[in-house]
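Below is one structure, written out as structure tokens, with a few remarks after it.
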2 protein chains.
Amino acid sequence: MSLECILLAMIREPAAGYDLRKEFAQGARHFWSAELSQIYPTLERMERRGWLKSRRQASQKGPQRRVYRRTAKGAAALHRWLRSEPVMGTERFAYIAQLAYMASLGDLRQTERFLGQLRDCLFRFQKLLEDAEGALAQERPRFPDDLSDEEFHSLLTLRIGIRSLRAKVDACDEGLNLIAARQSRLTKDVPHVPLD
Amino acid sequence: MSLECILLAMIREPAAGYDLRKEFAQGARHFWSAELSQIYPTLERMERRGWLKSRRQASQKGPQRRVYRRTAKGAAALHRWLRSEPVMGTERFAYIAQLAYMASLGDLRQTERFLGQLRDCLFRFQKLLEDAEGALAQERPRFPDDLSDEEFHSLLTLRIGIRSLRAKVDACDEGLNLIAARQSRLTKDVPHVPLD
DNA sequence: CCACGCATGTAATAGGTTACATGATTTA
DNA sequence: TAAATCATGTAACCTATTACATGCGTGG
């Protein structure tokens, strides 16, 4: 459902599957991803359902393109999705699961190492989004007032992503501090021989 | 892969599929979810692979249970996963996608309404995690020092979730302010008749 | 002529959801 | 005796990933 609606939204101007993948690799990469092998059959299905209409078209470079445009029915489906409540599909965070069960390794240094790696990944991702925000702000004397509506909505999504990532990076740092404290407690306070 | 490893981690003590679902509905709900219809065949597959060993066992209440325990091979697979790098599977955020393309409704008030709803959802979720953290801290005079290793790792995951959610709630508030500013700009600064 | 980017697709597999079927035991 | 909870499972379907097949056109 979500993928179909995202594709509908991306086909503002007529577009081929190949174009849409670029969108997922660029503008939409921080909230969704899809490969060509998923995009092509999905577009076909949507055409069968009457949400899209395709025609073959010669390309400047390479073979013929199949270019899709939205139908009125497709636009209606898109607007239904956009006006519906926020879709909070059960998100899955494998790295949090790893952290949650890492106690069973019985070695806090593993957790420390893991949190460090996680911090780095998240920070790199944060920088990526900050760059995207910077690109939006560039050459705009009245930022964010002089953004187009599309750009303004991009900004809103970037702000959520950036703040969330910064917070996660901070939480990793906090976790590393908690581990350091816990480790020093283990070497200092806990006697090796039980007190009985 | 991740689901299998999470199940392995959950089967610290021998457990039946029915028990494991409760874990997903309680302790693990903020980073993963799984239904019984997925859990049962996954456990079977893992047993065929030699990661688990099951035996039927009478229950206090209701029909016979099929109780699984980890094999040495299963424990090895779990430890490989825990020692591997953070698994950053391409996360999908449908609600961010909705926001990203909401410009095509051509009505900022829709975006305003949506951000308000989103804020509420995220805030409720934040409260849930804060309650879980509170339950960990309760009755612990030396919190977080007197947590078991398992509880300490739970705390680490809760801290990441709580900080991230707080940040997203703040970003929604920021977005609502930006929209207010943008709307007042539209009614004040932009002339209804183009200048030229 | 070869590598690269353009362009469309198929096949096999894995991961996940929804709905349904079955039946035991306990509690109101 | 009806409802709730315990307990296991199947079937159909949808969503997503990985690997592979095919072929055009341009630039080095």
Side-chain angles (χ1 to χ4, degrees), chain A residues 1-8 14-26 28-29 31-49 51-52 54-68 77 81 87-94 97, chain B residues 1-8 14-26 28-29 31-49 51-52 54-68 77 81 87-94 97:
Chain A
M1 200 66 234
S2 287
L3 173 63
E4 294 181 358
C5 294
I6 291 169
L7 289 172
L8 275 175
Y18 198 79
D19 302 326
L20 297 168
R21 198 217 12 202
K22 280 184 216 151
E23 262 303 298
F24 283 111
Q26 291 161 21
R29 77 190 170 300
F31 56 81
W32 209 272
S33 77
E35 292 306 314
L36 281 172
S37 57
Q38 194 185 3
I39 292 170
Y40 285 124
T42 303
L43 290 173
E44 269 182 53
R45 196 193 324 139
M46 287 163 75
E47 182 165 24
R48 282 198 301 274
R49 201 183 296 154
W51 289 5
L52 295 176
S54 79
R55 57 179 74 164
R56 301 204 137 264
Q57 197 175 287
S59 153
Q60 282 81 15
K61 223 180 152 165
Q64 275 211 317
R65 295 155 58 78
R66 180 178 294 280
V67 175
Y68 289 90
W81 180 66
V87 177
M88 315 285 279
T90 22
E91 281 125 33
R92 287 173 168 84
F93 300 93
Chain B
M1 197 69 235
S2 287
L3 173 63
E4 293 179 359
C5 292
I6 290 170
L7 289 171
L8 275 174
Y18 197 80
D19 301 326
L20 297 168
R21 198 216 15 198
K22 280 186 218 150
E23 262 303 297
F24 284 110
Q26 289 161 22
R29 79 191 169 296
F31 55 83
W32 208 272
S33 77
E35 292 305 315
L36 282 172
S37 56
Q38 193 185 4
I39 292 170
Y40 285 125
T42 304
L43 291 172
E44 269 182 52
R45 194 194 324 140
M46 287 164 76
E47 181 165 27
R48 282 198 301 276
R49 199 185 296 153
W51 287 6
L52 295 176
S54 79
R55 60 178 73 163
R56 300 203 135 265
Q57 199 175 287
S59 152
Q60 282 81 15
K61 220 179 155 165
Q64 274 211 319
R65 296 154 57 79
R66 180 178 295 279
V67 174
Y68 288 89
W81 179 67
V87 177
M88 313 285 280
T90 22
E91 282 128 30
R92 287 173 168 84
F93 298 95

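Any value given below was found using the heavy atoms of this structure, including those in side chains, with hydrogens, waters and symmetry copies removed. Numbered from 1 within each chain, the chains take letters A, B, ... in sequence-line order.
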I'd like to check the salt bridge (charged side-chain N to carboxylate O under 4.0 Å, His left out) partners of B:E23; sequence neighbours left out, ordered by chain and number.
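In terms of salt bridge (charged side-chain N to carboxylate O under 4.0 Å, His left out), with neighbours along the sequence ignored, B:E23 is linked to no residue.
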
Can you list the residues that meet the salt bridge (charged side-chain N to carboxylate O under 4.0 Å, His left out) rule with A:R29, with sequence neighbours excluded?
none

Side-chain heavy atoms of [X] within contact of [Y], under 4.5 Å:
X     : Y     : value
A:M1  : A:V87 : no
B:F24 : B:L3  : yes
B:E44 : B:Y68 : yes

Just the atom pairs and distances: protein N or O near nucleotides 17-19 of chain C's N or O, under 3.5 Å.
from	atom 1	to	atom 2	distance (Å)
C:dT17	OP1	A:R92	NH2	3.4
C:dT17	OP2	A:R92	NH2	3.2
C:dT18	O4	B:S37	OG	2.6

Quick one: side chains of residues 35-43 of chain B, donor-acceptor pairs under 3.5 Å with protein atoms, not counting sequence neighbours, listed by atom name and distance.
from	atom 1	to	atom 2	distance (Å)
B:T42	OG1	B:Q38	O	2.6

Spacing of [X] atom [atom1] relative to [N] atom [atom2], expressed in whole Å:
X     : N      : atom1 : atom2 : value
B:Y18 : C:dG23 : OH    : P     : 18 Å
B:Y40 : C:dG16 : OH    : P     : 18 Å
B:E44 : C:dG15 : CD    : P     : 16 Å
B:R56 : C:dG23 : CZ    : C1'   : 13 Å
A:Q64 : C:dT8  : CD    : P     : 10 Å

Straight-line distance of B:C5 SG to B:W51 CH2, nearest 0.5 Å
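If I round to the nearest 0.5 Å, the distance is 5.5 Å.
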
Find the distance between CZ (B:R65) and CZ (B:R55) and round it off to the nearest 0.5 Å.
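Interatomic distance, B:R65 CZ to B:R55 CZ, rounded to 0.5 Å: 13.5 Å.
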
[X] versus [Y], closest heavy-atom pair with distance:
X     : Y     : answer
A:R92 : B:S33 : NH2-O, 2.7 Å
A:W81 : B:A94 : CZ2-O, 4.0 Å
A:Q64 : A:A58 : NE2-N, 4.3 Å

For the helix from C:dC1-D:dG28 to C:dA28-D:dT1, measure the angle between the helix axis at one end and the axis at the other, each built from five pairs, rounding to 10°.
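Inter-axis angle at the ends, rounded: 10°.
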
Most 5' of A:Y68 and A:R21 on DNA chain C, judged by nearest nucleotide
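Its nucleotide being nearer the 5' end, the pick is A:R21.
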
Closer than 4.0 Å, any side-chain N/O of A:R65 to the OP1 or OP2 of C:dA7?
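Checking A:R65 against C:dA7: at least one side-chain N or O falls below 4.0 Å of OP1 or OP2.
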
When you match B:D19 and A:P63 each to their closest nucleotide on DNA chain D, which lands nearer the 5' end?
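Between the two, 5'-proximity favours B:D19.
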
How would you give the extent of chain A contacts on DNA chain D, as first and last nucleotide 5' to 3' within a 4.0 Å heavy-atom cut-off?
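Boundary nucleotides touching chain A, in 5' to 3' order, are D:dT15 to D:dG25.
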
Heavy atoms under 4.0 Å, any strand shown: does A:R45 hit a base, just sugar-phosphate, or nothing?
sugar-phosphate

